[in-house]
Amino acid sequence: MGSEDVKLFNFHASPFGQRVIWALKLKGVDYECIEEDIFNKSNLLLELNPVHKKVPVLVHRNKPIAESLVILEYIDETWKQYPLMPQNPYQRAHARFWANFAEQKLLVAARIARLSSGEEQGKAVNEAREAMEKIEEEIKGKKFFGGDKIGYLDIVIGWISYWIPVWEEVASMKILDPLKFPAINAWITNFLSHPTINDTLPQRDKMVVYYHSRRKEVSPS
Amino acid sequence: MTKSEVKLLGAWPSPFVMRARIALNIKSVSYEFLEETFQPKSQLLLDSNPVYKKVPVLINQDKPICESLIIVQYVDDVWSSGPSILPSEPYDRAIARFWATYLDDKWYPTLRSVRGAKGEDERKKLIKEVGEGLTLLEDALNKISRGKDFFGGDQIGYLDIAFGCFLGWLRVTESLTGVKLLDQVKTPCLAKWAERFCAHGAVKDVMPQTEKLVEFAKMLMAKMAASTPN
């Protein structure tokens, strides 16, 4: 492997890996994608990410970087074209704050909702909706979280545009009500109509199969 | 910048508040420290951090910045003429951010849950996990410091701040459980690093004394026991 070569260890259905793909594509960075079977992880992956043993892992100049949000900032700092983070320090702090919020409050709840049922699912759906309400306020009046262009926060939250509908289908629940979240829905339309974003989306039917199998593992009914 | 333009809303026992204070100290920023009242939460806290209602909150020219690691990066960005907090190379920055995330998402929550462990078996399991984390961090320190005093090299940096702020509560847990967690035999480099960190000029005045923290922890535990129904 040439020292400037970029490799991404990923799993097709990973919303975390998708962030990295979007960032690399927007910047026009060539990379090789290595699909990991997460039910049978390669020894190489375990060597590259011994702490978490997870995808995505970016390898650049023979050095591995793990954790999607960490990878995003690395990509933005290494390849200067198409800047993802805002230039202004306060706006950067703002973007990181909402990225963190979406991870801690929305993603965690949505994940529980897609794996659970009954009361537990109901509680998780409510938490996800509450988080969504705050994100709705953030996107109001803006085309993208980044302003006129897709930026860091759009990429971090972008999974909701494509993964949440799949999770809703698999788990028979509803988080993203278009009547309750018109601004988010408008943003989703803008986001998904960007060719770079759209062209790299994983196959939906494969995702549905995968998430069904995850749900069955936890609640076999 | 006049003193009142920079305010930090915080609480003396909080390791997260300490991160912000150390960062401001490194940059020699004059700021007003406002000790949060908590019961009830002050209007300033509710207004400046409506999402989480937690400290620390940095207020710079009336703009609030929340979440300790975000505050540290913001301070590094704004006061760019002072000593750098984050490393200069993107890869080194990524490694520092990786370990800071690990500390906040995995290691510290495990440490915290030791105090509330139900039964000796659970406590032992959690203590073992804390120890395993420290072994990983010992390894990381060796790789990252390249023989120098701190994760940041000759000077304390982002990862020193992210990790070092937890030393007080680590010692509290050692005191309450009677188990030595930061062991000079198992993690000799970390043990030396911890001493150097706590003695550092930007840290020593904002690191609470372990005895005071133990008292505070006991008070919190008593309050929780009193409010928990039997």
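Scope of the values below: all heavy atoms of this structure, side chains included, with no hydrogens, waters or symmetry mates.
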Problem set entry | Beyond-backbone contact of B/Tyr91 with A/Pro64, side-chain heavy atoms, under 4.5 angstrom | yes

For this session: Report, as yes or no, whether the 6.0 Å neighbourhood of atom NZ on B/Lys27 holds more than 12 heavy atoms from other residues, nucleotides or ligands.
Result: yes

Exercise. For atom CG of A/Asp148, is the number of surrounding heavy atoms from other residues, nucleotides or ligands below 6.0 Å larger than 12?
Worked result: no

Problem set entry | Any A/Phe97 side-chain heavy atom under 4.5 Å of B/Tyr52 side chain | yes

For this session: Could you tell me whether the side chain of B/Ile95 reaches within less than 4.5 Å of the side chain of A/Tyr74, counting heavy atoms only?
Result: no

Problem set entry | Over 12 foreign heavy atoms within 6.0 Å of NZ, B/Lys186 | no

Exercise. Above 12 or not: heavy atoms from other molecules or residues under 6.0 Å from NZ of A/Lys174?
Worked result: yes

Seminar exercise, completed: The interface call for B/Arg97 against chain A, heavy-atom contacts under 4.5 Å, is both

Exercise. Closest heavy-atom contact between B/Ala94 and A/Val70?
Worked result: O-CG1, 3.2 Å

Problem set entry | Heavy atoms of other groups near B/Arg196 CZ, more than 12 under 6.0 Å | yes

Exercise. Is it the backbone or the side chain of B/Asp76 that comes under 4.5 Å from a heavy atom of chain A, or both, or neither?
Worked result: neither

Exercise. Hey, does B/Gln73 have a side-chain heavy atom less than 4.5 Å from the side chain of A/Arg96?
Worked result: yes

Exercise. Got more than 12 heavy atoms from elsewhere within 6.0 Å of CD, B/Gln184?
Worked result: no

Problem set entry | B/Val78 versus A/Pro89, closest heavy-atom pair with distance | CG2-CB, 3.7 Å

For this session: Check whether any side-chain heavy atom of A/Leu69 lies under 4.5 Å from a side-chain heavy atom of B/Thr101, and answer yes or no.
Result: no

For this session: Please identify each residue that fulfils side-chain hydrogen bond (donor to acceptor under 3.5 Å, both in side chains) with A/Lys27, with sequence neighbours left out.
Result: A/Asp76

Exercise. Got more than 12 heavy atoms from elsewhere within 6.0 Å of NZ, B/Lys124?
Worked result: no

Exercise. Would one find more than 12 heavy atoms of other residues, nucleotides or ligands at under 6.0 Å from atom CD of A/Gln81?
Worked result: yes

Problem set entry | Between CG on residue A/Asn100 and CG on residue B/Leu69, distance to nearest 0.5 Å | 8.5 Å

For this session: Using a 4.5 Å cut-off on heavy atoms from C-beta on, say whether the side chain of B/Phe98 contacts that of A/His52.
Result: yes

Exercise. Does A/Tyr90 reach the side chain of B/Asn60, with side-chain heavy atoms less than 4.5 Å apart?
Worked result: no

Problem set entry | CG-CD distance between B/Asp105 and A/Glu67, expressed to the nearest 0.5 angstrom | 7.0 Å

Exercise. Salt bridge (Lys or Arg N to Asp or Glu O under 4.0 Å) between B/Arg93 and A/Glu77: does it pass, once the steps are laid out?
Worked result: CA-CA 10 Å; B/Arg93 292 157 76 93; A/Glu77 288 166 4; 3.0 Å; yes

Exercise. How many angstroms lie between NE2 in A/His94 and CD1 in B/Ile65, if you round to the nearest 0.5 Å?
Worked result: 11.5 Å

